[in-house]
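Scroll down for the structure; my scribbles are underneath it.
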2 protein chains.
Amino acid sequence: MGSQTFNEIYHILRERILAGKYSVKMRLPIEDALIAEFDSSRYAVRKAIAKLAKEGLVYSVKGRGVVLLEHSPQTQQFNLALNNLNGLQSLNAERHLDYQTEVVAFHQQIVDQALSEHTAFEVGIPVYAIQRVRIVDGIRAVLDINYFNAQRTPTLTAAIAKRSIYQHFKKNGLKIAVVKRMLRVETATELDQAQLALDDNNCIGNMISIAFNDEGRQFEYTESHFIPNKFNFNELIRN
Amino acid sequence: MGSQTFNEIYHILRERILAGKYSVKMRLPIEDALIAEFDSSRYAVRKAIAKLAKEGLVYSVKGRGVVLLEHSPQTQQFNLALNNLNGLQSLNAERHLDYQTEVVAFHQQIVDQALSEHTAFEVGIPVYAIQRVRIVDGIRAVLDINYFNAQRTPTLTAAIAKRSIYQHFKKNGLKIAVVKRMLRVETATELDQAQLALDDNNCIGNMISIAFNDEGRQFEYTESHFIPNKFNFNELIRN
DNA sequence: GAGTGGTCTAGACCACGGT
DNA sequence: CCGTGGTCTAGACCACTCC
């Protein structure tokens, strides 16, 4: 995978940028110069630059060139992307926090009208309904409320839910193609108050995820309720 | 702009997808068929598909084809992207809420060590420091705390801050290239409690934005503190 | 093995920025 | 005007999926 032309160019350029090699002019060399240096095609060079741009390191201006973005320790921190598809791991996975999981509820049910309206699952299909608390550094930090389409996921058990559902999916050949996410701040419910270490806070962050397999079918609806002051979400917006 | 080949193909395919024209097979026609139909190059067709994928409508699988993602009213809602570069407008701009602005504070200052550490501005440079409350539907919903590099932005006044700073920038030729964002949930400060309609809630959402001009220079650091239960942020993650 | 998307090459012309 | 990135074409070969 890493031996693709554009990826090699990307990695070399990235290293040079972070080492400050282009910081005098605040510009990347022009495309023709990079094509000559790497003895490759324009396609590969442009794809490498596009990857750098997606990461927030550079910005292309038509008619002028490829500009480097200023980067400080603070703005660098913003580059730790939220691109992890896994469940809790997406929350500041880079810290590699140790955590335990407590399964609060585990059962199967049929989707009714009310559940259908917010999960987007069809009425009548069977789902696994799971509630788990994630204990991070000894703190009850996250309440995960999952609904998995039972027809599109391998068989689940409470024991699997205590370990890693996503690893279980991976082992059984379920491929996650796309996740749509929504973030909001909400007043804590009684369930949140009971399960999470909110201290004096009476609100939670709610990360709603809808996941699709590689056949385009939704197999998951999840709400992750998390305590304040602990988790960050990063995003990059390009013009 | 809209007459580019790939953009035309994109719009046509998008319309067909939303009209359900491909929903039987849950697939897009293969690339060669689209090349033939639109009498264009593979480049244009692939670029159109890439745009659909970025939007969360399709997903390409090597060796199989381009799969349509299931879309329901709920998952469609997730497509309203957070791609607006403007300040408050990025918060659910599609609703076109009427709002008023109250300028709470407006002054110039020099960046000291403490301010430098969280804004990423260099110590010693002059900045505009502005605090504004956004009153949405009569509710004090957002507290914007802005710092603008005075050397890289056109002259600002309190009157401009009451209207639109971004329109003022645009008129004066400042181009916003990239915005890096961070989202978190925090315990409300005394300032938040004083300025926002928090009711019984004691937390806020905090959207931190660092904006760069098209020369790659940071010109803005902003914190937008917003009340719970009112704003949503969407995101799409692809594998 | 046939079908399909991913990568790559070698060109061409256009649109925009700066001089 | 020149230099630059953006779009586009016409091909080629590779990697993966499915039968």
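Just so it is clear, the model here is predicted, and its values are computed rather than measured. Residue numbers begin at 1 in each chain, while the letters A, B, ... track the order of the sequences.
- For Leu34(B) and dT9(D), the CG to P distance is 14 Å, given to the nearest whole Å.
- Within the 3.5 Å criterion, the main-chain N or O of Gln218(B) finds a donor-acceptor partner in the side chain of Arg152(B).
- Between Arg27(A) atom CZ and dG5(D) atom P there is a gap of 9 Å when expressed in whole angstrom units.
- Aromatic rings from Phe148(A) and Phe169(A) are positioned such that their centres are separated by under 6.0 Å.
- Remark: P of dG6(D) and CD1 of Ile30(A) are 13 Å apart, rounded to the nearest angstrom.
- Ranking dT7(D), dG17(C), dT9(C) by closeness to the Ala44(A) side chain, first place goes to dT9(C).
- With distances taken from any side-chain atom of Lys47(A) to the nucleotides dT17(D), dT7(C), dG5(C), the minimum falls on dT7(C).
- Side-chain contact between Glu31(A) and Leu34(A): absent, with no pair of heavy atoms (C-beta onward) separated by less than 4.5 Å.
- dA10(D) atom P lies 15 Å from atom CD of Glu31(B), rounded to whole Å.
- In this pair, His118(B) and Tyr221(B) present their aromatic rings perpendicular. The plane angle is above 60°, beyond the 30 to 60° band.
- A straight line from CD1 of Ile49(B) to C1' of dG6(C) spans 12 Å, rounded to a whole angstrom.
- The nucleotide whose nearest atom lies closest to any side-chain atom of Tyr43(B) is, among dG5(C), dT9(D), dG5(D), dT9(D).
- Of the candidates dC8(C), dG6(C), dG5(D), the closest approach to any side-chain atom of Ser60(B) belongs to dG6(C).
- Side-chain proximity of Arg64(B) to dC18(D), dA12(C), dC8(C): nearest is dC18(D).
- Comparing atom distances between the Lys175(B) side chain and each of dC8(D), dT4(C), dG17(C) picks out dG17(C) as nearest.
- Among the nucleotides dC8(D), dG5(D), dG5(C), the one closest to any side-chain atom of Gln4(B) is dC8(D).
- Between Leu28(A) and Ser41(B), the one whose closest nucleotide on DNA chain D sits nearer the 5' end is Leu28(A).
- Distance Lys62(B) NZ to dT4(C) C1': 11 Å, rounded to the nearest Å.
- Following rounding to the nearest Å, Asp32(B) (CG) and dG11(D) (P) show an atom-to-atom distance of 12 Å.
- Below 30°, between 30° and 60°, or above 60°: for Phe106(B) and Tyr128(B) the angle between ring planes is between 30° and 60°, a tilted geometry.
- Contact between the side-chain N/O atoms of Arg42(A) and the OP1/OP2 oxygens of dG11(C) is not found at any separation under 4.0 Å.
- The nearest heavy atom of DNA chain C to Pro29(B) and to Ser40(A) marks one nucleotide each, and the one closer to the 5' end goes with Pro29(B).
- With rounding to whole Å, Arg238(B) atom CZ is found 15 Å from dG5(C) atom C1'.
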